[in-house]
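We count residues from 1, following the sequence as given.
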Amino acid sequence: MKTMYGMPGEIHAYLDERKAIVHTEEDRRLVGNAAYEAPSEDILTDALLSLYLGKNVLLKGPTGSGKTKLAEHVSALYNLPMHSVNCSTDLDAEALLGFKTLIHDEQGRSQIIFVPGPITKAMTNGHLLYIDEINMAKPETLPLINGVLDHRRSITNPFTGEVLTAHANFRVVAAINEGYIGTVPLNEALKNRFVTIEVPYLQGDVLFQLLKSRSKLRDEKLLRTFVKLSADMLSLIEMGQLPDEAGSIRALLDACDLAAYIPPIRAITRAIADKLEDERERAAVLNIAETFV
């Protein structure tokens with residue numbers, strides 16, 4: 001039997017069971033919001049199904065396409081607190097696993113304690129781990145967690161010597177922006193530990209409904225104009241004439257919010273065009289905008 005999101009009834013029943021779990025106040029704040037609008041239903045369905053089966057999920061798509069929103073949406077539907085790792089070239093084992101620090105008790109005696117990091121917390125408590133921009137990390141850093149991402153679901157903490165085995169509910173979602181400055185290709189060993197899901201930009205009626213529900217702009221004709229603007233910018237992005245960030249849904253929402261109070265061209269300039277470094281790219285965005293508004 002197929003139910004919500006076209007998934008088997010057993011998964012629907014599992015999600016209902018998860019909803020009944022009561023978290024501590026601290027953990028409750030880590031559960032995401034179910035606010036992702038999917039370009040197609042199979043994106044959310046496949047993410048939920050893969051995590052139900054215990055797979056790691058890699059979300060691949062351009063900046064602003066909603067990869068983090070999708071991770072938060074999954075966190076909400078599974079009622080799983082989410083711990084985030086934001087990758088960069090500075091990422092190291094301490095940022096992933098935790099660190100040792102010196103504290104003093106009430107009697108003034110000093111002791112060294114271990115402060116757990118996001119991976120340690122997620123594994124221990126059976127939470128969701130979200131690794132953002134995973135291909136921004138140095139190639140030598142991520143192999144540290146290969147054991148976390150495969151069938152072993154364990155890691156030896158280099159700071160304590162403890163072998164940490166993940167709770168049965170532990171799940172992993174990662175996100176990747178391909179082809180950006182500072183990114184490196186994921187090695188095959190890491191890629192093979194994930195199920196990959198493409199997350200494209202929203203378009204058409206789905207985008208219109210999102211803008212209508214989440215922006216302050218109430219003029220439906222103008223909202224349709226912003227949808228057309230987005231479609232034309234995406235065409236230029238596909239041809240390599242605009243960078244991915246020009247198609248960001250966040251930026252488009254910002255433009256709609258501003259357009260509720262100031263002229264649309266100015267709103268587009270502030271929210272989209274002026275973020276671009278290349279003068280020709282800024283001019284291209286404004287040329288498109290001027291044909292519509």
Side-chain angles (χ1 to χ4, degrees), residues 7-8 10-34 44-59 67-68 70-87 91-101 113-132 134 137 141-175 189-197:
M7 293 186 303
E10 65 184 275
I11 302 180
H12 190 148
Y14 178 75
L15 292 177
D16 285 341
E17 290 176 10
R18 293 287 316 170
K19 287 178 186 175
I21 295 175
V22 178
H23 295 293
T24 64
E25 181 63 26
E26 180 181 356
D27 283 349
R28 188 183 63 78
R29 288 196 296 268
L30 294 174
V31 176
N33 296 315
L44 184 54
T45 299
D46 294 352
L48 292 170
L49 174 61
S50 298
L51 291 171
Y52 175 77
L53 295 172
K55 312 294 184 185
N56 307 312
V57 172
L58 179 66
L59 305 177
K67 299 184 293 297
T68 301
L70 175 52
E72 291 175 351
H73 195 102
V74 167
S75 166
L77 293 181
Y78 270 97
N79 194 19
L80 269 179
M82 186 172 87
H83 302 268
S84 297
V85 173
N86 295 305
C87 293
L91 187 72
D92 57 18
E94 288 190 346
L96 292 169
L97 300 172
F99 57 91
K100 285 185 173 181
T101 188
I113 64 166
F114 177 72
V115 179
I119 290 180
T120 306
K121 290 177 182 177
M123 290 180 70
T124 302
N125 298 309
H127 292 170
L128 176 66
L129 175 67
Y130 178 57
I131 310 174
D132 194 19
I134 189 171
T141 300
L142 291 176
L144 290 170
I145 61 171
N146 278 350
V148 174
L149 300 173
D150 63 22
H151 66 281
R152 292 169 288 179
R153 279 299 197 255
S154 65
I155 189 171
T156 300
N157 188 328
F159 305 107
T160 66
E162 174 191 10
V163 176
L164 181 63
T165 300
H167 187 286
N169 292 331
F170 172 65
R171 294 293 185 272
V172 179
V173 175
L190 191 58
K191 275 186 182 178
N192 287 336
R193 286 167 165 80
F194 288 95
V195 169
T196 302
I197 298 175

When you compare the side chain of His83 with that of Leu30, does any pair of heavy atoms fall below 4.5 Å?
yes
Taking all heavy atoms of Ala76 and all of Gly32, pick out the closest pair and write down the distance.
CB-O, 3.2 Å
Is there a donor in the side chain of Glu10 and an acceptor in the side chain of Tyr52, or the other way round, less than 3.5 Å apart?
yes
Give the minimum heavy-atom separation between Leu59 and Val173, together with the two atoms involved.
CD1-CG1, 3.7 Å
Validation row: Ile134, Leu58 side chains within 4.5 angstrom (heavy atoms):
yes
Which distance, rounded to the nearest 0.5 Å, do you find between the CD1 of Ile155 and the CG of Leu144?
6.5 Å
Taking Leu80's backbone N and O only, do any of them form a donor-acceptor pair with Ser75's side chain (distance below 3.5 Å, no angle check)?
yes
Please tell me if the side chains of Leu164 and Asn157 come closer than 4.5 Å, counting only heavy atoms from C-beta onward.
no
Apply side-chain contact (heavy atoms from CB on, under 4.5 Å) to the pair Phe159 and Glu94, showing each step before the final yes or no.
CA-CA 9 Å; Phe159 305 107; Glu94 288 190 346; 3.4 Å; yes
Gly161 to Thr156 - nearest heavy-atom pair and separation
O-CG2, 4.0 Å
What distance do Leu77 atom CG and Lys19 atom NZ have between them, rounded to the nearest 0.5 Å?
7.0 Å
Distance (rounded to the nearest 0.5 Å) between Ile21 CD1 and Arg28 CZ
15.0 Å
Backbone N or O of Asn79 within a donor-acceptor pair of the Arg18 side chain at under 3.5 Å?
yes
Any heavy-atom pair between the side chains of Leu51 and Tyr78 that's under 4.5 Å?
yes
Heavy-atom closest pair (Ala175 atom, Tyr130 atom, distance to 0.1 Å) is CB-OH, 3.3 Å
Once rounded to the nearest 0.5 Å, what's the spacing between atom CE of Met123 and atom OG1 of Thr165?
6.5 Å
dist Glu72:CD -> Leu128:CG (nearest 0.5 Å) comes out at 10.0 Å
Which value, rounded to the nearest 0.5 Å, describes the distance between Leu44 atom CG and Leu70 atom CG?
6.5 Å
Considering all heavy atoms, the nearest Leu97-Thr120 contact
O-OG1, 2.6 Å
Are any of the side-chain heavy atoms of Ile145 and Ile131 separated by less than 4.5 Å?
yes
Taking the six-membered ring for Trp, are His23 and His127 parallel (under 30°), tilted (30 to 60°) or perpendicular (over 60°)?
perpendicular
Flag, side chain of Arg193 to backbone of Asn56, donor-acceptor distance under 3.5 Å
no
Whether Arg171 side chain and Ala168 backbone form a donor-acceptor pair below 3.5 Å:
yes
Could you report the tightest heavy-atom contact between Ala174 and Phe194, atom names first, then the distance?
CB-CE2, 3.7 Å
